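Quick notes on the structure that follows.
Below, all heavy atoms of this structure are taken into account, side chains as well, without hydrogens, waters or symmetry copies. Small disclaimer: the values here were computed from a predicted structure and weren't measured.
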Amino acid sequence: MELMEQISESLQKGDAPAVDRLTRDALEQGTAPGQILDDGLLVGMAVIGQKFKAHEVFLPHVLLAAKAMYAGLDILGPLMEGDERLSRGKVVIGTVQGDIHDIGKNLVGIMLRGAGYEVIDLGKDVAPARFIDVAIEEDAQFVGLSTLLTTTRPVMKQVIELARERGIYDKVRILVGGAPLNRAYAEEIGAHAYCFDGMNAVDCVNGFMNRS
Amino acid sequence: MRPRIEFLDQQLLERIVSEARDLLCNLGIEIHNNGILELLSDHGARVESNTMRVFYTQELIDRSLETAPSGFHLYDVAGKPAVDLSGFNVQFTPGSAAIHILDHDSTESRTPTSADYVRYTRLVSGLDHLASQSTAFIPGDVHEKISDSYRLFLSLLHCPKPVVTGAFTVEAFEVMKDLLVAVRGSEAELAAKPLAMFSCCPTSPLKWSDVTSQNLVDCARHSIPVEIISMPMSGFIAPVTLVGTLVQHTVETLSGLIISQLVNPGTPVLYGGSPAYFDVRYETTPMGAPETQMIDCAYNEIGKYLGIPTQAYIGLSDSKLLDTQAGLESSMGATLAALAGINNISGPGMMDFESCYSHEKLVIDNEICGMTLRLTRGIEEREDFPARPRFEELLREQHLLISDHTMRYLDQEVAYPGPVIDRANRARWQEEGKRTMGQRAHQIVEQTVAAHEPVSHAGDVRKELIQRMRAEAATYGMDRLPEID
């Protein structure tokens with residue numbers, strides 16, 4: 001089996017040590033880091049994503065694959081500093097102010113990272129202004145807002161209004177997700193997308209990136 | 001611990017059996033078959049020839065209970081063990097002998113064809129929670145004299161699973177037995193590795209017809225397993241009380257079991273039935289009623305007490321469509337049956353008082369069976385103690401989604417249903433087409449039938465099956481075999 005294919009297969013199995021070893025082997029053989037990322041790691045993550053959607057693998061397998069992806073990125077990262085391919089995009093995420101539930105948000109972070117995005121996780125109980133400040137500072141393409149409570153849903157609207165006031169609403173895509181939300185509510189508050197689960201968040205971000 | 005459900009306490013159970021024995025010995029059973037009357041007379045039973053009534057003896061009852069096996073296996077077409085009918089093992093098989101099929105497109109009930117039957121055999125082949133097949137419905141496009149054997153013929157051609165079946169006439173039994181022998185190679189091999197089981201039904205109250213009792217004898221002669229299907233109807237041709245119905249069921253079932261054991265001691269028998277309470281509002285026999293289901297579970301307890309494996313027609317519905325009633329009655333019955341430990345649970349795919357079969361319902365019921373099988377596995381300890389290290393890990397990692405413990409036990413703890421059961425969140429369900437359960441089930445029917453691979457029969461078995469069926473059909477003027485020619 002060709003080395004890139006082996007990396008992809010090992011990543012799909014969630015075998016982090018194998019991804020680590022094979023990535024080093026590929027570098028030793030003179031394969032460019034960018035090629036290992038594109039043809040090995042990201043191909044494997046794309047396959048596992050499709051399998052998840054087809055109910056062939058489940059969430060733990062996706063997370064293990066993401067963990068294996070990090071094993072490869074840990075090696076490739078220092079060699080690719082400044083290379084745009086290292087990050088497919090930058091996403092600022094957090095649970096909005098007043099809510100400390102972060103399990104869903106953490107899942108989204110893991111899956112976005114696994115899909116090749118740089119994730120800046122602001123944690124939980126995050127004030128509206130902080131989302132906007134960090135998005136501007138980091139020149140992020142996306143802001144992801146999470147909440148589990150109906151009572152903190154209005155905070156999402158505040159973040160979006162602030163994005164408008166600070167002039168980044170048309171540049172930064174604002175994604176929302178969490179149990180008390182639905183597509184209609186997301187549209188009502190002006191979010192650019194509603195994500196119904198972690199994998200769907202990756203799909204949404206990929207969709208915007210492909211369109212841009 | 002295997003979870004169990006019981007409806008009878010020991011004292012009540014023993015009283016039911018004792019009263020049934022009294023009826024068998026002192027009230028007697030009417031058997032319209034001279035050969036069997038002679039056989040019973042030869043073994044010490046008193047026979048009133050003018051009324052064809054037989055009075056069993058306690059000794060006959062005891063002897064038969066001793067020789068009847070406490071369990072047996074059914075084997076697939078290739079001869080591999082497929083079903084273990086013993087102890088608290090449970091297996092599901094589709095209901096049998098419906099005369100209608102629910103047409104998915106028109107939602108009308110219509111007469112099924114051989115093409116429907118072939119589709120059924122391909123479908124049941126691919127449904128994992130149904131360990132055996134049954135001759136589920138009667139194709140309307142063959143001569144009625146071969147409508148029983150033709151079902152078995154198509155089943156043996158297209159599905160590798162063992163078959164629960166039955167003969168409608170004395171003559172048909174021979175034809176069906178020969179089809180089974182054609183697959184196994186010899187009568188001895190068929191006896192050693194049963195491929196099919198025949199339902200034999202007494203006629204309530206307390207009677208056996210010539211045909212069904214002869215079928216019982218013929219099965220026993222060839223060591224072919226039988227399931228005795230007593231059908232008392234509470235409040236009509238049985239006492240209105242569940243206890244009274246159970247007494248009658250015990251009498252009718254034991255009367256058949258004794259015949260089988262006298263013909264051939266050791267004949268595998270299932271202590272089965274299809275009783276129902278009689279609905280005096282509609283003059284119907286609801287199979288999905290809790291009263292019916294309690295009778296089933298309770299006679300299963302009696303069968304277990306007597307040391308005989310059990311069967312019941314349960315896990316089906318009286319609804320006319322794939323609606324909520326169809327789901328609730330089928331799942332209540334299947335759950336009770338599995339927890340009660342009924343060994344052969346017949347019913348999936350059936351509705352409308354077991355007169356109508358549906359492919360889509362079979363797919364849905366297959367999921368119900370999977371869920372109930374999970375229930376029977378119960379709650380087990382899996383490296384859960386001491387608990388502290390696991391919780392330390394949880395607090396450290398914030399989740400256990402990819403912990404070694406999770407990956408080790410996820411598949412054992414959780415039995416994932418197929419896509420016919422919707423467990424997606426609303427948005428994902430919408431994204432995937434907002435399909436109803438019926439639409440999802442229909443898609444699985446199409447996919448499973450399309451994915452079916454032909455059964456690989458040894459040598460000339462396929463040719464021989466077709467030759468035998470062709471010869472039998474020809475005697476009734478049929479020169480073309482549907483779905484063959």
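Only the side chain of Leu59(A) has a heavy atom closer than 4.5 Å to any heavy atom of chain B. Residue contact with chain A, scored on non-hydrogen atoms closer than 4.5 Å, is absent for Leu400(B). With a 4.5 Å cut-off on non-hydrogen atoms, Ile110(A) touches chain B through its side chain but not through its backbone.
Judged purely by distance below 3.5 Å, without hydrogens or angles, the side chains of Gln91(B) and Ser132(B) pair a donor atom with an acceptor atom. For the 3.5 Å distance criterion, the side chains of Lys361(B) and Ser317(B) fail to qualify, holding no donor opposite an acceptor.
Val108(A) is not listed as a side-chain neighbour of Cys195(A), based on a closest heavy-atom distance of 4.5 Å or more. Side-chain contact between Pro33(A) and Leu27(A) is present, with at least one heavy-atom pair separated by less than 4.5 Å.
Ring geometry for Tyr120(B) against Tyr357(B) counts as perpendicular: the plane angle is over 60°, on a 0 to 90° scale with 30° as the lower cut.
At a threshold of 4.0 Å, the pair Glu380(B)-Arg2(B) does not count as salt-bridged, since none of the basic side-chain nitrogens sits closer than that to a carboxylate oxygen.
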Go through chain B and chain A and list any donor-acceptor pairs closer than 3.5 Å, backbone and side chains both.
from, atom 1, to, atom 2, distance (Å)
Asn425(B), ND2, Phe196(A), O, 2.9
Arg428(B), NH2, Lys53(A), O, 3.2

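Side-chain N or O atoms of Asn366(B) include none that pairs as donor or acceptor with a backbone N or O of Ile364(B) at under 3.5 Å.
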